[in-house]
Amino acid sequence: MVGQIVLLGDSNTQFSWMPGGTAAALADRYQRQYDVYTRGFSGFNSEWAKRFAQIVLPDFQNLRLLILWYGTNDALVPPEPRAITLKRYQENLAAIIALVPTETPIIVVSPPCYSPRGRARDINIDWVAGVTKLERDPDGVREYGLAARETVEALQKASLRPIAFCDVHQPMEDSALDRGRGDREEGLSHFLHDGVHLTSEGYKVRHPGARKLIHQVVMDQLARVIDTNFPELNKEPRLFPDFT
């Protein structure tokens with residue numbers, strides 16, 4: 001059975017099959033080696049995801065990598081009903097992770113940046129920095145990324161399972177400042193089409209080590225499958241030189 005890579009998240013996971021998106025890039029890179037699946041649902045927060053994961057994860061009997069990507073909707077500002085406290089968000093992430101077999105690697109991804117100017121433009125209202133109140137706050141969204149990092153680091157310290165954190169927020173922040181020549185909001189307009197959801201270009205802004213991290217995880221898994229089931233593939237000369 002072909003190994004499975006599963007992306008579990010909100011709308012940015014749902015839309016990641018667009019050209020340049022995370023799911024599309026993974027499926028292209030690991031074709032013939034892994035099947036890539038997305039279970040991304042627009043509007044979901046980690047509270048809903050915790051219950052949803054109990055339903056969908058048992059469907060994947062050959063799971064080789066799980067990528068978790070929540071936080072954008074958890075970071076909504078109360079009284080928005082989907083708003084989740086930082087503590088609850090961390091508890092929910094830990095609960096989802098606990099559903100996965102301990103030998104299966106997991107990568108937890110931070111929420112991307114939030115652009116209030118882009119969001120205001122999308123819903124057709126005037127935006128004044130520091131004055132206009134919207135359903136999210138850029139600093140608040142950043143806090144959820146930091147909370148996700150803390151959760152992962154605690155599990156790493158406990159050495160309970162293979163798990164890693166991928167920060168997309170800071171690289172996007174840096175790229176936006178560079179692209180906008182110091183104007184964060186202008187820069188983010190290239191990466192977020194409505195202040196919240198990623199463009200094709202936005203999906204390509206990742207932590208410098210993210211691609212190497214994912215590749216190392218999946219290729220380690222693949223090597224074990226080849227060694228066990230197809231030892232002749234690793235003999236010289238290679239039968240299929242491009243297999244890995």
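Put simply, the side chain of Gln4 never gets that close to the backbone of Asp35: no donor and acceptor are under 3.5 Å apart. Under the 3.5 Å distance criterion, the side-chain polar atoms of Ser46 are left unmatched by any main-chain donor or acceptor of Leu93. Between the side chain of Asp194 and the backbone N or O of Arg119 there is no donor-acceptor pair closer than 3.5 Å. Checking side-chain atoms of Asn45 against main-chain N and O of Trp48 turns up a donor-acceptor pair under 3.5 Å. With hydrogens and angles ignored, the 3.5 Å screen pairs no side-chain donor or acceptor of Gln170 with any backbone N or O of Asp167. In this structure, Ser200 contributes its side chain and Pro19 its backbone to a donor-acceptor pair below 3.5 Å. Of the possible donor and acceptor atoms, one in the side chain of Ser175 sits under 3.5 Å from a partner among the backbone N and O of Pro171.
Side-chain contact check for Cys113 versus Phe191: every heavy-atom pair is 4.5 Å or farther apart. A heavy-atom distance below 4.5 Å is not found between the side chains of Thr132 and Pro116. Two residues are said to be in side-chain contact when any heavy atoms from C-beta on lie closer than 4.5 Å; Val205 and Val168 fail this criterion. Side-chain contact between Ser42 and Asp10 is absent, with no heavy atoms from C-beta onward closer than 4.5 Å.
Every residue meeting the side chain to side chain contact (heavy atoms under 4.5 Å, CB included) condition with His193, not counting sequence neighbours, appears here in chain and number order: His197, Thr199. Ser189 is linked by a side chain to side chain contact (heavy atoms under 4.5 Å, CB included) to Glu186, counting only residues two or more places apart in sequence or in another chain. Here Arg39 pairs with nothing under the side-chain hydrogen bond (donor to acceptor under 3.5 Å, both in side chains) rule; sequence neighbours left out. With sequence neighbours left out, the side-chain hydrogen bond (donor to acceptor under 3.5 Å, both in side chains) criterion links Ser115 to Glu185. Taking Ile97 as the reference, Leu68, Ile106, Val108, Leu155, Arg161, Ile163 meet the side chain to side chain contact (heavy atoms under 4.5 Å, CB included) condition, with sequence neighbours excluded. Legend: residues meeting side-chain hydrogen bond (donor to acceptor under 3.5 Å, both in side chains) with Glu150, ordered by chain and number and at least two apart, are Gln90. Applying the side chain to side chain contact (heavy atoms under 4.5 Å, CB included) criterion to Gln54, with sequence neighbours excluded, gives Lys50, Leu99. Residues passing the salt bridge (Lys or Arg N to Asp or Glu O under 4.0 Å) test with Glu91 are Lys87, Arg88, sequence neighbours excluded.
Atom CG of Leu160 and atom OG1 of Thr102 lie 9.0 Å apart (nearest 0.5 Å). Glu201 contributes atom CD, which lies 7.0 Å from atom NE2 of His190 (distance to the nearest 0.5 angstrom). Interatomic distance, CD1 of Ile5 versus CG of Asn62, reported as 11.0 Å (0.5 Å rounding).
A side chain to side chain contact (heavy atoms under 4.5 Å, CB included) with Leu8 is found for one member of Leu66, Thr13, Thr38 and no other, namely Leu66.
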Side chain to side chain contact (heavy atoms under 4.5 Å, CB included) evaluation trace for Met172 with Leu198: CA-CA 11 Å; Met172 184 172 290; Leu198 296 165; 3.3 Å; yes
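Hydrophobic cluster membership differs between Val77 and Leu86, with clusters built from Ile, Leu, Val, Met, Phe, Trp and Tyr side chains linked at under 4.5 angstrom.
Other residues sharing a hydrophobic cluster with Ile125 under the 4.5 Å side-chain heavy-atom criterion for ILVMFWY residues are Tyr114, Ile123, Trp127, Leu134, Val141, Val196. Through direct or indirect side-chain contacts shorter than 4.5 Å among Ile, Leu, Val, Met, Phe, Trp and Tyr, Leu76 is connected to no other residue.
By the 4.0 Å N-to-carboxylate-O rule, Glu103 lies too far from Arg64 to be salt-bridged with it.
Residue pairs satisfying the salt bridge (Lys or Arg N to Asp or Glu O under 4.0 Å) criterion with at least one member in residues 75-86, sequence neighbours excluded, are listed as follows: Glu80-Arg82. Screening residues 49-107 for ring pair (Phe, Tyr, Trp, His ring centres under 6.0 Å), with sequence neighbours left out, gives Tyr37-Phe60, Phe41-Phe52, Phe44-Phe52, Tyr89-Tyr144.
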